[in-house]
Participant: 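One structure follows; several queries about it will come next.
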Amino acid sequence: MALERTFSIIKPDATARNITGHINAMIEDSGLCIVAQKRIHMSEEQARGFYAVHADRPFYNDLVAFMTSGPVVVQVLEGENAIMAYRTVMGATDPEQADAGTIRKVHAENIERNSVHGSDASETAVSEIKFFFSDDEIVG
């Protein structure tokens, strides 16, 4: 087993419904530690940069608009195999396909408003963490 870090966003649909604490509890109950967290209102420039990998996709502008529509909570999570552990607790992107008890099954409104984002690989986690956090903002 490997101790690693991953990145998480609690999206605007979840912060608008004031369920950040519920999501954090699910994260911590899964064995992951929240080692950095801040609430921000993502700028359009930040959203376009963060989601640049999707720039050619038809949903890109809607995604940018959604992610800038309200505050988000960006986080660094740490634990054994944190990337896979968080992807498991998040559940499938489509909440209809998500396993019972996962964040998206419990809290997502639909496939677009699915409450959370998590890194999909170690390289992605490193770049996503550096996008929003400086080294001195991360505990541990």
Participant: Ring of Phe132, cation from Lys38 - is the NZ or CZ under 6.0 Å from the centre and inside 45° of the axis?
Facilitator: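 Here Lys38 fails the 6.0 Å and 45° test against Phe132.
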Participant: Phe131 vs Phe50 aromatic rings, parallel, tilted or perpendicular, using cut-offs 30° and 60°?
Facilitator: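 Perpendicular, since the angle between the ring planes exceeds 60°.
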Participant: Salt bridge between Glu96 and Lys105, side-chain N to carboxylate O under 4.0 Å?
Facilitator: no
Participant: Specify the closest pair of heavy atoms between Leu77 and Ala82, including all atoms of both residues, with the distance to one decimal.
Facilitator: O-CB, 4.3 Å
Participant: State, to 0.1 Å, how close Ile83 and Arg5 come at their nearest heavy-atom pair, and which atoms those are.
Facilitator: CG1-O, 3.9 Å
Participant: To check you understand the geometry: which heavy-atom pair defines the closest contact between Phe66 and Arg113, and what is its length?
Facilitator: CE1-NH1, 3.5 Å
Participant: Minimum heavy-atom separation for Val89 to Met26, with atom names?
Facilitator: CG2-O, 3.8 Å
Participant: Looking at Asp120, I'd like to know if its CG atom is crowded, meaning that more than 12 non-hydrogen atoms belonging to other residues, nucleotides or ligands lie closer than 6.0 Å.
Facilitator: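 More than 12 within 6.0 Å, yes.
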Participant: With salt bridge (Lys or Arg N to Asp or Glu O under 4.0 Å) as the test, pick out the partner of Glu109 among Arg17, Arg104, Lys11.
Facilitator: Arg17
Participant: Could you pull out the closest heavy-atom pair between Met90 and His117, with the gap in Å?
Facilitator: SD-C, 3.7 Å
Participant: Counting N and O atoms only, with roles assigned by atom type, does the side chain of Asn114 sit under 3.5 Å from a partner on the main chain of Thr93, one being a donor and the other an acceptor?
Facilitator: yes
Participant: What's the shortest heavy-atom distance between Ile27 and Ile34, and which atoms?
Facilitator: CG2-CG1, 4.2 Å
